[in-house]
There are 2 protein chains.
Amino acid sequence: MKTDNMEQLRHSLAHLLAAAVLELWPDTKRAIGPAIDNGFYYDFEFPQPISEEDLPKIEEKMREILKSWDKFEQTEVSTEEAKKIFSGNPYKLELIKEYAASGLTTVKSGDFVDLCRGGHIDSAKDIKPDAFKLTHMAGAYWRGSEKNKMLTRIYGAAFENKKALEEYLKIQEEAKKRDHKKLGVDLDLFTFSDLVGAGLPLWTPKGTIVRNLLDDFIWDLRQKRGYQKVEIPHITKKDLYEKSGHWDKFANELMKIETREKHLFAMKPMNCPHHTQIFARKPHSYRDMPQRYSNTTMVYRDEQTGELSGLSRVRAITQDDAHVFARHNQIKEEILKIWDIVDEFYGAFGFPLEVRLSLHDPQQKEKYLGSPKLWNDAEDTLREIAKGKKVTALEALGEAAFYGPKVDFVARDSLGRQWQVATIQLDMNMPERFDLYCINENGEQERVVMLHAATMGSTERFLSIIIEHFAGAFPVWLAPVQVIIAPISDKFSDYAKKIKQELVDAGLRVELDERQESVGKKIREAELQKIPYTLVVGEKEQTANTVAVRKRGTGDLGAIPVEKFIQNIQEESQQKKSSQ
Amino acid sequence: MKTDNMEQLRHSLAHLLAAAVLELWPDTKRAIGPAIDNGFYYDFEFPQPISEEDLPKIEEKMREILKSWDKFEQTEVSTEEAKKIFSGNPYKLELIKEYAASGLTTVKSGDFVDLCRGGHIDSAKDIKPDAFKLTHMAGAYWRGSEKNKMLTRIYGAAFENKKALEEYLKIQEEAKKRDHKKLGVDLDLFTFSDLVGAGLPLWTPKGTIVRNLLDDFIWDLRQKRGYQKVEIPHITKKDLYEKSGHWDKFANELMKIETREKHLFAMKPMNCPHHTQIFARKPHSYRDMPQRYSNTTMVYRDEQTGELSGLSRVRAITQDDAHVFARHNQIKEEILKIWDIVDEFYGAFGFPLEVRLSLHDPQQKEKYLGSPKLWNDAEDTLREIAKGKKVTALEALGEAAFYGPKVDFVARDSLGRQWQVATIQLDMNMPERFDLYCINENGEQERVVMLHAATMGSTERFLSIIIEHFAGAFPVWLAPVQVIIAPISDKFSDYAKKIKQELVDAGLRVELDERQESVGKKIREAELQKIPYTLVVGEKEQTANTVAVRKRGTGDLGAIPVEKFIQNIQEESQQKKSSQ
């Protein structure tokens, strides 16, 4: 079934849902019911509260009604007729008033009539009764405004067949178990405080280790390629953003500060304008080009509270940002370097990447900054690089930013979900606005280009993705605690401490569980904490100077000498293996 | 001469300055002239502009008048008399109006009369004509307000004798040469942008290296002592600071943000309230105490533009902050650890430290939070530690914060200047406000204490101090570029590159000067850039696989094998030697 058909199918199911609800609770007032990704929903004002326990009953009723349905018949109706049909339903009456001028239609299937513009499948016979399921309920304001009445929204999932539905539901169930908001707290990675506010995560010692390991990894990849760290304040006078254009563009999302001297400052929503000011501090010879700045720092967005969600959407976003100031003839090499960084970084997590080239639309030259030749050259460079990388890159015409083409990377996680991650952006605008140049071989000022090259993009969002991708079971190199030592009794406490010191001296992150608990309990809790290795030590191990190794998800690996364990775990860590 | 006398002497010299100016320019209107650290000043409204070239002439006139002066005679005058004496001088008339109610006095010496409350030396004969000097001029608003007229302020230095004056002037001259604002730009460590704004330094690659090396050094000292890194957003809802008390206390200096949803946020002026929220995320067993958080992050102060100065006073301040949450019986050990960190850190820069214990005043119990026993115990602990450290600590009664006693450290730099640097603060208030506790051995909630333990305090201010302390010539471990290689011609370019790679692989920070310039010029520029080592390579070195080593400030050390050089510099770096 094609995508269009799927949308029609899902829309048709929304009708069926409403029909079932009205049979079960005839006094219910229905509002609207569209198709959405993976399914559909319908909003209702129920005469009495219902709960998720009622969903199976509604579903059953839907299947019962479905048997009697066939065609969806669309009919033009006058405003008066429509008002009569939906009298007593304030939601439909509001819609009738609104759309009266453009003409109204109803759609009928079986005995059920709804105000609707169409977009259904031809026959209800195409709906497979085992390929949809009502999944959950939620409160939703009429037309999304908190000034309006709160309605009850019932969600359903629907697919072309039972198998596809089951696969989707399985992933949903797995995703729920992996929810980073829950796992993040269980694993003590971050916390939120009501006093500090929503969208402002506070990073615990364990979470900070993971953040810094990710950042160190990226820095390692960058340093090898000639990047240098810079640092900037998180605020600026309005002037910087007036020149960069952000003051107009991000007006609503900017966090603004008026000082006591009545100067207007803003918290930075991005780092590029600040970085231009570091580049512009002195003239650069062509010999010193390119300049590659790396800077992990926070940016701020005045997000609305309702839009915030765990680490996925926050108000203070950590960016592993990088900007390259390059000559035109250096673009290819620099993009290649960034691409290599992206490949190496995401490869370490086992994320297959899909690539999209966002190009300009030659039919709309006026939309873009810079000559057609500049654009064509830049885009050919991207194509060449993709070809050299042996990547089938989707080309998206007209998707370029006005200041330059982009390479977008989409990662697929262990549940098959897709996430837009890294982006390489070529920017010919900012150097123009800030008059950035180098002195070339002829002693002339030569306009440079900028490359925007964040790898994770948002550290918070990336963390939300990998917490769910790994279900919290980070690979050894990234685990905040790599090893926990569980002595079977107090008697082996000294031996356990000696081993701990050896592991710490080898640079490993180790904990010692000295509680008066059974080894069984210690092992269970270590598994819950997703610690990669548990070392059990008792009489036998102490005598033989060994450790009994338990690997997360695998179990008992037997006893080995401590040095051998250290060697193994260091190798595993160095290779950044992400499989268990 | 005692401190009080010095202040009286300096105040008396301000009179002498005014007398000289009025003899030279009789139509001048004088405003006020107090004693200040190291000297005095007087503010004037001149009938015509004068310049610093006039200062020797004024100084000469002062010495001439001085011969005729003896006693300073203080006389009570009525408001009417005073108005008559100072008629036509709006500044004095304003002061007369203001102080009329509390009684007015004039002071006369020679023929010169000034409106003055006293505080002079007994006889002008005590002023040594060779122990004062007019140093510079500056614009200054009447009463410090930019709404008022800009006056001309003449500054003088004055000491007990000629020798002390000369020492002071010599240090001033040296300090001027070492001014971090100039050196910071010459050495390309940081920059300011008019678009970003005053008080907001931008850190170049070289400056960022130095910042990070300092931070790594401190982290190294902390990690060994069980500290853990945490991370926090730079903003918070108002609620956090209402609870902490900062909202009231820092009202004027807080940078505030109103979001589009009309929530009130603030940029953090300190990190402790955020850190309490990380500690409070879960209950802590006594077994997990103390918790030691380390966090290098920026705090913000809404400083007035006129108060900003280079890195010494900025609007975005990087703090190498740390907070320890401890039980009362752990205070001593934890303070000792922090003290060790301070000792080790400042020792590496060759800063001798003086220590002051800021204690509570037992006569004013109502000023302090917590029982007298708690205070006495805490202060005895500080005394014990100081004794154990074999340090003569000055005790400053009544200088404690209301929430706990402090240990203050004062460093003396290579010019003999003193800087208040690290502080260890014991805080019994914040845990009370935020209800912070651990579960003790008896299963009860036990109130904890907090220790505030920033080492550098402000990274920016510390950098301003060490740039001037070292005159930009950072020790090897801290130099952004440790080695520069200067091939004597193109012919040895490959050899130079090979050596560079060897040094880079050894973890050194190296540059290669490949310009078509003479070795002499390359060496001179490397010295100006204060690079610790210059390696000259030519025919001889290439053949022998050596490098000719030039050490900054010392000169030629002769040729040695590359491996030997690497070994030497690594040793020097590891020892953090701060002498040249």
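Source: prediction; values computed, not measured. All chains are named by letter (A, B, ...) in the order of the sequence lines, taking the proteins before the strands, and each is independently numbered beginning at 1.
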Select, from [options], the one with the greatest count of heavy-atom pairs under 4.5 Å involving chain B.
options: A:Gln277, A:Gln228, A:Glu303, A:Arg515; result: A:Gln277
options: A:Lys243, A:Lys256, A:Arg260; result: A:Arg260
options: A:His274, A:Gln291, A:Glu514; result: A:His274
options: A:Asp302, A:Thr236, A:Leu202; result: A:Asp302
options: A:Thr191, A:Thr208, A:Asn212, A:Ile235; result: A:Thr208
options: A:Glu258, A:Met267, A:Arg287; result: A:Met267

Given a strict heavy-atom distance threshold of 4.5 Å, which part of [X] is in contact with chain A: side chain, backbone, both, or neither?
X: B:Met298; value: side chain
X: B:Tyr293; value: side chain
X: B:Thr259; value: both
X: B:Lys282; value: side chain
X: B:Phe190; value: neither
X: B:Pro201; value: backbone

Is the number of heavy atoms from other residues, nucleotides or ligands within 6.0 Å of CG (A:Asp194) greater than 12?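 Count not over threshold, so no.
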If the condition is ring-ring contact (aromatic ring centres under 6.0 Å, His included), which residues does B:His284 pass it with, not counting sequence neighbours?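 B:His284 satisfies ring-ring contact (aromatic ring centres under 6.0 Å, His included) with B:Phe279 once adjacent residues are dropped.
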Under the rule for ring-ring contact (aromatic ring centres under 6.0 Å, His included), what residues qualify as partners of A:His275, not counting sequence neighbours?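 Per chain and number, A:His275 pairs via ring-ring contact (aromatic ring centres under 6.0 Å, His included) with A:His323.
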Please report the closest heavy-atom contact between [X] and [Y], naming both atoms and the distance.
X: A:Asp239; Y: B:Leu195; value: CB-O, 3.8 Å
X: A:His234; Y: B:His234; value: CE1-CE1, 3.0 Å
X: A:Val196; Y: B:Leu240; value: CG2-CD2, 3.9 Å
X: B:Arg281; Y: A:Pro205; value: NH2-CD, 4.0 Å
X: A:Pro233; Y: B:Ala316; value: CB-CB, 3.8 Å

Residue, of [options], that accumulates the most heavy atom pairs under 4.5 Å with chain A:
options: B:Val504, B:Val314, B:Asp188; result: B:Asp188
options: B:Ile209, B:Thr204, B:Ile232; result: B:Thr204
options: B:Met255, B:Gln304, B:His263; result: B:Gln304

Would a 4.5 Å heavy-atom cut-off, applied to side chains only, mark A:Glu231 and B:Thr318 as touching?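 A:Glu231 does not reach B:Thr318 side chain to side chain.
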Which answer fits A:Phe192, side chain, backbone, both or neither, if we ask what part of it has an atom under 4.5 Å from a heavy atom of chain B?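 Neither part; nothing is under 4.5 Å.
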Examine whether an atom of A:Phe434 lies under 4.5 Å from a heavy atom of chain B, and if so say whether it belongs to the side chain, the backbone or both; otherwise answer neither.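 Side chain only.
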So, the side chain of B:Glu261 versus the backbone of A:Thr305: is there a donor-acceptor pair under 3.5 Å, distance only?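 Yes; at least one donor-acceptor contact below 3.5 Å.
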How far apart are the C-alpha atoms of B:Ile257 and A:Tyr300, what are their side-chain angles, what is the distance that settles it, and do they pass the side chain to side chain contact (heavy atoms under 4.5 Å, CB included) test? CA-CA 12 Å; B:Ile257 301 147; A:Tyr300 303 84; over 6 Å; no
